[in-house]
Amino acid sequence: MNAPSSTYGLSREARNLHWLLANLVEEVPGVRSVVVVSTDGLMLLSSDTRHHAAAASADPSVQDGPKGSSADLATIVSGLGSLTLGAAKLMDAGSVKQTMVAMDEGSLFVMSISDGSLLGVHATPDCDMTVVAYHMALFVGRAGHVLTPELRNELRRSLEHAQ
């Protein structure tokens, strides 16, 4: 699979993260959309699958992700991450590794990345949760050591230019 054209001009590490994110969406059944959010709540990466679904469908109103943009998913992931971190502190439970919310019409997974960033996945209600969690752990393991402050800044700038 080739990296998206939006990765032109990015460093090898940034292109690899884009590829890993696209691979997570394309290869894991039930995954609707994926975001990576920095510790300060800013979106670093997004799959934004709504555009792919609308392009593949004759109906341009097709939406796979939450109502609104990928920025909405990033906001939800950041808020949920903050809430669970606060709960863990109140309970003296250590760090939060993963949070999962099962809903009637979908599932939301949030997993911590070693630098404090968060990986958020919005999936279908019938997804295999263990498969999604496994692939998220693979992403976190591969991405965690390369998410340096310089790379986070590069990813933020690339998102700003894409808008």
Side-chain angles (χ1 to χ4, degrees), residues 1-56 63-86 88-89 95-101 106-123 131-163:
M1 169 175 50
N2 294 328
S5 59
S6 62
T7 63
Y8 180 77
L10 294 179
S11 67
R12 183 176 55 81
E13 292 85 6
R15 288 192 313 271
N16 286 342
L17 285 178
H18 276 278
W19 182 86
L20 285 171
L21 190 88
N23 195 46
L24 182 62
V25 173
E26 292 174 11
E27 300 297 323
V28 182
V31 171
R32 290 179 170 166
S33 56
V34 181
V35 294
V36 174
V37 181
S38 67
T39 56
D40 55 1
L42 296 175
M43 184 169 49
L44 299 176
L45 289 168
S46 169
S47 65
D48 206 15
T49 58
R50 292 178 304 119
H51 300 338
H52 302 301
Q63 278 195 20
D64 277 347
K67 294 177 185 174
S69 69
S70 55
D72 292 335
L73 179 58
T75 300
I76 293 165
V77 167
S78 179
L80 188 58
S82 179
L83 181 65
T84 56
L85 181 63
K89 284 181 181 177
S95 62
V96 178
K97 307 232 183 285
Q98 181 177 356
T99 304
M100 199 278 294
V101 179
S107 298
L108 176 64
F109 302 83
V110 178
M111 190 174 284
S112 298
I113 300 174
S114 62
D115 73 329
S117 300
L118 299 169
L119 172 63
V121 173
H122 178 219
V131 171
V132 173
Y134 172 76
H135 284 277
M136 287 178 71
L138 289 177
F139 180 95
V140 165
R142 292 174 180 152
H145 68 282
V146 298
L147 270 172
T148 62
E150 295 80 18
L151 184 56
R152 286 192 299 273
N153 286 334
E154 179 183 0
L155 293 169
R156 283 186 193 134
R157 284 192 309 272
S158 73
L159 278 176
E160 290 169 3
H161 294 300
Q163 297 174 359

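By convention here, the first residue in the shown sequence is residue 1. No experiment lies behind these values; they were computed from the predicted model shown.
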Please test Thr148 against Asn153 for side-chain contact (heavy atoms from CB on, under 4.5 Å), starting from the C-alpha separation and ending with a verdict. CA-CA 9 Å; Thr148 62; Asn153 286 334; over 6 Å; no
side-chain contact (heavy atoms from CB on, under 4.5 Å) between Val121 and Leu24, intermediate numbers included: CA-CA 9 Å; Val121 173; Leu24 182 62; 4.1 Å; yes
Run the numbers on Met100 and Leu108 for side-chain contact (heavy atoms from CB on, under 4.5 Å), then give the verdict. CA-CA 6 Å; Met100 199 278 294; Leu108 176 64; over 6 Å; no
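For Asp115, the side chain to side chain donor-acceptor pair (under 3.5 Å) partners two or more places apart in sequence, or in a different chain, are Ser117, Arg152. With sequence neighbours excluded, the residues forming a side chain to side chain contact (heavy atoms under 4.5 Å, CB included) with Val140 are Met111, Ile113, Leu119, listed by chain and number. In this view, Ser112 and Leu118 satisfy the side chain to side chain contact (heavy atoms under 4.5 Å, CB included) rule, not counting sequence neighbours. Annotation: side chain to side chain contact (heavy atoms under 4.5 Å, CB included) contacts of Glu13 (sequence neighbours excluded): Ser11, Leu151. Partners of Leu138 according to the side chain to side chain contact (heavy atoms under 4.5 Å, CB included) rule, which considers only residues two or more places apart in sequence or in another chain, are Tyr134, His135, Arg142.
Judged purely by atom type and a 3.5 angstrom limit, Ser82 has no side-chain atom pairing as donor or acceptor with the backbone of Gly79. Without hydrogens or angle criteria, Thr75 side chain to Ala71 main chain gives a donor-acceptor distance under 3.5 Å. For the pair Ser114 (side chain) and Gly144 (backbone), a donor-acceptor distance under 3.5 Å is present.
The salt bridge (Lys or Arg N to Asp or Glu O under 4.0 Å) contacts involving residues 34-44 comprise Asp40-Arg156, where partners must be two or more places apart or lie in separate chains.
Interatomic distance, CG of Leu44 versus CD of Glu154, reported as 11.0 Å (0.5 Å rounding).
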